Amino acid sequence: MNALGRHILVEFYDCSPELMNDVMHIENSMVAAAETAGATVINSTFHHFSPYGVSGVVVIQESHLAIHTWPEYGYAAVDLFTCGDSVNPWVSYNYLKEAFEAGHGSSMECRRGQLELLKRLDFNLESLRDVSPKPAEQLGTITRDIWFTERDENIALSLKHSGNQLYKKDSPYQRVEIYETLAYGNMLTLDGMVMCTQKDEYVYHEMITHVPIFSHPKAKRTLVIGGGDGGTVRELLRHEQLEEVTLVEIDELVIEACKLHLPETAVAFDNPRLNLLVQDGIKYINECADSQYDLIIIDSADPVGPGEGLFTAAFYKEVFRCLTPDGLMITQSESPRFNSAVFVEIYETYKQIFGQDKVHCYLAAIPTYPTGTWSFSYSSKGDSHPLVFDREAAAAFSQAQGLKYYNEDIHTAAFALPNFVKDLLNSNTNTNPDDYSAEPTH
Ligand code: SAM
């Protein structure tokens with residue numbers, strides 16, 4: 001061959017859209033395609049983007065194989081670059097065409113480093129040779145970097161995982177997946193969005209439950225809509241005072257996946273005090289009698305928002321009706337930074353239903369949620385106020401239960417809001433938290 005390497009640019013068309021979005025299948029296929037062609041794999045790095053698409057590269061001693069997919073077009077752009085004569089890139093081409101179920105492919109081969117255009121340098125190459133000893137275990141082992149990425153058009157969160165997808169099923173409502181991340185343990189995603197991870201789920205579940213319970217110590221009957229991972233009801237069931245804990249989760253696959261792979265989050269599903277209903281929470285609320293619950297927690301997808309949310313203002317009016325006169329509603333209310341328009345709309349909706357001074361916002365740091373800053377809403381039908389609670393009881397409970405986030409100080413501090421959040425809540429919707437250069441308005 002009169003060139004240093006062969007570089008084939010490949011267009012695979014009419015591929016399976018499913019496979020074009022399956023980061024594990026793509027990574028395994030690309031590594032296998034390299035090995036089948038006789039290449040020596042050094043490492044692989046693959047990113048799975050949300051909502052869809054995969055990019056990745058397999059570095060080989062003989063150069064690289066790379067891919068970018070567009071599941072929505074059933075299309076993959078692949079390049080196969082091999083140096084020397086021992087590896088035939090067309091073997092990899094044929095392997096991948098079959099692995100991606102491509103209807104057809106087109107390709108162009110370029111000869112890289114044409115020898116007639118190169119002149120070998122008169123240079124002591126020995127001075128460049130890497131003579132640092134490689135530990136035995138490094139030789140011949142592949143380091144695989146496979147990343148799950150959740151993003152919108154501006155920011156992204158990536159978590160490296162093992163490539164061993166523990167669970168993947170489509171329910172009538174969503175795709176339910178569980179990944180084995182390296183830094184945060186097993187992770188539940190729904191339609192490609194991070195829901196909870198073994199390592200930091202306690203923040204969300206402790207804050208969505210203990211804040212309302214300690215500011216409403218007479219609560220007896222509680223209802224959770226959503227929350228199929230079980231974390232919220234696990235925390236509620238720590239409180240002996242509760243006579244009823246009902247969970248209404250629409251998707252039994254979420255419960256199945258978490259029982260299998262997030263057992264410490266799903267531990268409450270074995271608790272005889274739990275009343276578990278697998279049905280639509282909206283229907284349940286609409287059919288629920290008045291004044292049934294002291295606490296209703298909406299632990300579900302985007303609460304409201306322009307076409308995004310599963311729930312509407314009409315739903316929250318029904319929730320209000322189902323609360324006892326002194327009842328509380330708690331929801332996860334998105335991130336003031338990541339989705340400030342929805343955040344503002346959520347609070348405007350609640351204030352119209354519960355009253356301007358009956359709705360409060362509190363924050364928590366959740367590393368695996370976009371921007372890491374997450375919010376919860378606290379809406380009171382009666383006179384309960386989030387900062388009126390028994391600090392000693394909260395402190396003793398936190399200690400006795402071995403809680404990892406909630407305590408009496410965090411309870412109070414969570415309601416201390418940054419100015420940009422206060423401005424958003426005061427419907428200064430023109431405040432963009434990211435360019436907070438304006439003179440403070442406080
Ligand atoms: N606890 C999780 C966390 O740590 O972020 C949040 C739960 S996840 C955001 C949303 C849950 O609400 C899912 O289990 C989903 O199946 C459930 N869900 C969505 N719509 C629902 C509905 N209409 N009725 C009941 N459950 C619903």
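In listed order, ligands and their atoms are each counted from 1. Predicted model, so just to flag it, every value in this text is computed and none were measured. Numbers for residues simply follow the sequence, beginning at 1. The analysis underlying the following values was restricted to heavy atoms, covering all of them including side chains, and did not include hydrogens, waters or symmetry mates.
Atoms of ligand 1 found under 4.0 Å from any heavy atom of Y369 (numbered from 1 in listed order, with element): 3 (C), 4 (O), 5 (O). Each of the following atoms of ligand 1 lies closer than 4.0 Å to a heavy atom of D251: 16 (O). Residue-ligand proximity, V248 to ligand 1, at heavy-atom distances under 4.0 Å covers atoms 25 (C), 26 (N). Using a 4.0 Å cut-off to heavy atoms of G227, the atoms of ligand 1 that qualify are 11 (C), 12 (O). Atom numbering of ligand 1 starts at 1 in the shown order; those under 4.0 Å from a heavy atom of D299 are 1 (N), 2 (C), 6 (C), 7 (C), 10 (C), 11 (C), 12 (O). Atom numbering of ligand 1 starts at 1 in the shown order; those under 4.0 Å from a heavy atom of D280 are 22 (C), 23 (N), 24 (N).
For ligand 1, none of its N or O atoms has an N or O atom of C196 under 3.5 Å away. Between I250 and ligand 1, at least one pair of N/O atoms sits closer than 3.5 Å. Taking only nitrogen or oxygen atoms, main chain and side chain alike, E249 reaches within less than 3.5 Å of ligand 1. Considering backbone and side-chain N/O atoms, G281 comes within less than 3.5 Å of an N/O atom of ligand 1. In terms of polar-atom proximity, T232 is not counted as a contact of ligand 1, lacking any N or O under 3.5 Å from an N or O of the ligand.
The heavy atom nearest to atom 13 (C) of ligand 1, considering only L188, L190, L277, is found in L190.
In summary, D357 and K351 do not engage in a salt bridge, as defined by a charged side-chain N under 4.0 Å from a carboxylate O. For the pair E243 and R273, the salt-bridge criterion is not met [side-chain N within less than 4.0 Å of a carboxylate O]. Between K220 and D294 there is no salt bridge, since no side-chain nitrogen of the basic residue lies less than 4.0 Å from a carboxylate oxygen of the acidic one.
In this pair, Y204 and Y369 present their aromatic rings perpendicular. The plane angle is above 60°, beyond the 30 to 60° band.
S384 places a side-chain heavy atom less than 4.5 Å from the side chain of D326. No side-chain heavy atom of T222 sits under 4.5 Å from any side-chain heavy atom of T246.
Annotation: Y347 is in aromatic contact with F343 [ring centroid separation under 6.0 Å].
Not a single heavy atom of M193 sits less than 4.0 Å from an atom of ligand 1. In this structure, E201 falls outside the shell of residues with a heavy atom less than 4.0 angstrom from ligand 1. Residue contacts with ligand 1: Y204 is included, with a non-hydrogen atom under 4.0 Å away. The shortest separation from a heavy atom of Q174 to ligand 1 is under 4.0 Å, placing the residue in contact. No heavy atom of K283 sits closer than 4.0 Å to any atom of ligand 1.
A cation-pi arrangement is present between K381 and F320 under the rule of less than 6.0 angstrom and at most 45 degrees off the ring axis.
Defined by atom type and a distance below 3.5 Å, a donor-acceptor pair is missing between the side-chain atoms of H210 and E206. S55 and H68 form a side-chain donor-acceptor contact under 3.5 Å, judged by distance and modelled atom types alone.
Residue-level proximity to ligand 1 for H205 is carried by the side chain, the only part with a heavy atom below 4.0 angstrom.
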Q: Check step by step if ring pair (Phe, Tyr, Trp, His ring centres under 6.0 Å) holds for F100 and Y75.
A: CA-CA 10 Å; F100 297 153; Y75 164 70; over 10 Å; no

